[in-house]
Peer 1: 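I'd like to ask some things about the structure below.
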Amino acid sequence: MKPRPASKKEIAARLAALPDWKQTRRRSAIFKRFTWQDFSEAWGFMSRVALVAERMKHHPEWVNVWNKVDITLSTHDAGGLSERDFKLAAEIEQIAKR
């Protein structure tokens, strides 16, 4: 079953609960940059996120350069943002706090 795209109202409400996540301008997606002390911390963070993403069967688009990890979330099956993106973003926030 295809995920349902989030409405503008749902997107605004869910983003309000996710610190520093922003909606992208060019497509229906959300984005956040995480900055760590060094490459090793950034890689460890990505590894922990990868385990959760695999369990959820919802994988981020991301880029890692040294101590920075840029994460973009969108549900391709829904043609944009869905509940799955916000759930994964909330999980990522919990991982980042550890």
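These numbers come from the heavy atoms of this one structure, side chains and all, not from hydrogens, waters or symmetry mates. Sequential numbering from 1 along the given sequence is applied to the chain's residues. In this text, all values refer to a predicted model and were calculated from it rather than measured experimentally.
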Peer 1: For a quick test of reading the model, state the closest non-hydrogen atom pair linking T35 to R33 and the distance between them.
Peer 2: OG1-CG, 4.0 Å

Peer 1: If you look only at pairs with a residue in residues 38-49, which of them pass as a side chain to side chain donor-acceptor pair (under 3.5 Å), with sequence neighbours excluded?
Peer 2: none

Peer 1: Do V49 and F34 come within less than 4.5 Å of each other through their side chains, counting heavy atoms only?
Peer 2: no

Peer 1: Quick check: closest heavy atoms across R27 and T72, and the distance to 0.1 Å?
Peer 2: NH2-CG2, 3.3 Å

Peer 1: Do R84 and M56 make a side-chain contact, defined as non-hydrogen atoms from C-beta onward lying under 4.5 Å apart?
Peer 2: no

Peer 1: Under the side-chain contact (heavy atoms from CB on, under 4.5 Å) criterion, do M46 and I71 qualify, and how do the steps go?
Peer 2: CA-CA 10 Å; M46 290 176 69; I71 299 178; over 6 Å; no

Peer 1: Return a table of donor-acceptor pairs under 3.5 angstrom between the side chains of residues 73-81 and protein atoms on other chains or two or more places apart.
Peer 2:
{"residue": "S74", "atom": "OG", "partner": "S28", "partner atom": "O", "Å": "2.8"}
{"residue": "T75", "atom": "OG1", "partner": "S82", "partner atom": "OG", "Å": "2.7"}
{"residue": "T75", "atom": "OG1", "partner": "D85", "partner atom": "OD1", "Å": "3.2"}
{"residue": "T75", "atom": "OG1", "partner": "D85", "partner atom": "OD2", "Å": "2.7"}
{"residue": "H76", "atom": "NE2", "partner": "E61", "partner atom": "OE2", "Å": "3.4"}

Peer 1: A side-chain contact here means heavy atoms from C-beta on lying under 4.5 Å apart; do K22 and I30 qualify?
Peer 2: no

Peer 1: May I ask you to test the Q23-I11 pair for a side-chain heavy-atom distance under 4.5 Å?
Peer 2: yes

Peer 1: Which ILVMFWY residues can you reach from V65 by hopping between side chains whose heavy atoms are under 4.5 Å apart?
Peer 2: V63

Peer 1: Kindly indicate whether the side chain of F31, heavy atoms from C-beta on, has any atom under 4.5 Å from the side chain of D70.
Peer 2: yes

Peer 1: Salt bridge (Lys or Arg N to Asp or Glu O under 4.0 Å): which pairs involve residues 2-13, sequence neighbours left out?
Peer 2: R4-E10

Peer 1: May I ask whether F39 and W62 are part of the same hydrophobic cluster, defined by side-chain heavy atoms of I, L, V, M, F, W, Y residues being less than 4.5 angstrom apart, directly or through others?
Peer 2: no

Peer 1: Show me the donor-acceptor pairs within less than 3.5 Å that the side chains of residues 87-98 make with the rest of the protein, sequence neighbours left out.
Peer 2:
{"residue": "E93", "atom": "OE1", "partner": "K32", "partner atom": "NZ", "Å": "3.3"}
{"residue": "E93", "atom": "OE2", "partner": "W21", "partner atom": "NE1", "Å": "2.7"}
{"residue": "E93", "atom": "OE2", "partner": "K32", "partner atom": "NZ", "Å": "2.7"}

Peer 1: Any donor and acceptor pair, going by atom type alone, linking the side chain of R55 with main-chain N or O of A50 inside 3.5 Å?
Peer 2: no

Peer 1: Of all residues at least two apart in sequence or in a different chain, which pass the ring-ring contact (aromatic ring centres under 6.0 Å, His included) check with F86?
Peer 2: none

